[in-house]
Amino acid sequence: MKITKVVDAKGMACPMPIVKTKKEMKQLETGDILEVQATDQGALKDFEAWAKSTGHELLQTKEADGVLTFHIKKGE
Amino acid sequence: MTETKSTNIILFSGDYDKAMAAYIIANGAAAYDHEVTIFHTFWGLNALRKDEPIQANKTMLEKMFGKMMPRGAEKMGLSKMHFAGMGPKLIKKVMKKHNAMPLADLIEMAEEQDVNLVACTMTMDLLGLQKAELRESTQYAGVAAYLADAEDGNVNLFI
């Protein structure tokens, strides 16, 4: 999997991870993959819902040492 | 993507915590690609006030109102546990620890995300607030403008 860009949202509180991700996603092209790292535990549900609602695809979610990593593929 | 959805929030409250909730939802909704409007009325108008004193031609009563109401977001009090001003200091300390954004920053971010900040002109008159006292990005409207947005809206909140 080729990651186009990484967003470091570690330590950020709601609503920053989503706001920052949205900003970065805007710069990408359809099909690009964005990696987001977050420590806000609410992000787990947030990114699932956000990707679904905004037409992006949440490819995978990983958790290690309290850091959540999301891979999101940009939709049309 | 499907057509743009909209979030419309009425901010009636002038409490710091409630305004924070409103602005967090507004910023989240903007990240959801919604068209977002916060309609400020009554005490909620104080969130839009500039923090410096503004020279304005006012009646005695209007001046009194202006003095008694918080000048800007960071001067607002808490809805619970205000403790004569200690509450806001404490909560801001806790917020810093948890990296939560202060209200003033949330408002700036909302502006960056093109959230429409609307002031209700009728209540501005009641509270004696003038355009020069409010943020430059403020738009001015009445109930009809709110309803036009809200009737087709997807999320409607009164805070």
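By convention in this document, chain letters (A, B, ...) are assigned in the order of the sequence lines, proteins followed by strands, and residues within each chain are numbered from 1.
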- Task: Could you tell me which portion of Ile25(B) (side chain, backbone, both or neither) has an atom closer than 4.5 angstrom to a non-hydrogen atom of chain A?
- Result: neither
- Contact class of Met95(B) relative to chain A, heavy atoms under 4.5 angstrom: neither
- Task: Below 4.5 Å from any heavy atom of chain B, which atoms of Lys23(A) appear? Answer side chain, backbone, both or neither.
- Result: side chain
- Taking atom types as modelled, find out whether Gln113(B) and Glu111(B) have a side-chain donor-acceptor pair closer than 3.5 angstrom. no
- Any idea how Phe65(B) and Trp43(B) line up, ring-wise: parallel (<30°), tilted (30 to 60°), or perpendicular (>60°)? parallel
- Message: Any carboxylate oxygen within less than 4.0 angstrom of a Lys/Arg side-chain nitrogen, looking at Glu133(B) and Arg71(B)?
- Response: no
- With a 4.5 angstrom heavy-atom cut-off, which part of Met16(A) approaches chain B: side chain, backbone, both or neither? side chain
- Do the side-chain N and O atoms of His34(B) and Thr7(B) include a donor-acceptor pair separated by under 3.5 angstrom? yes
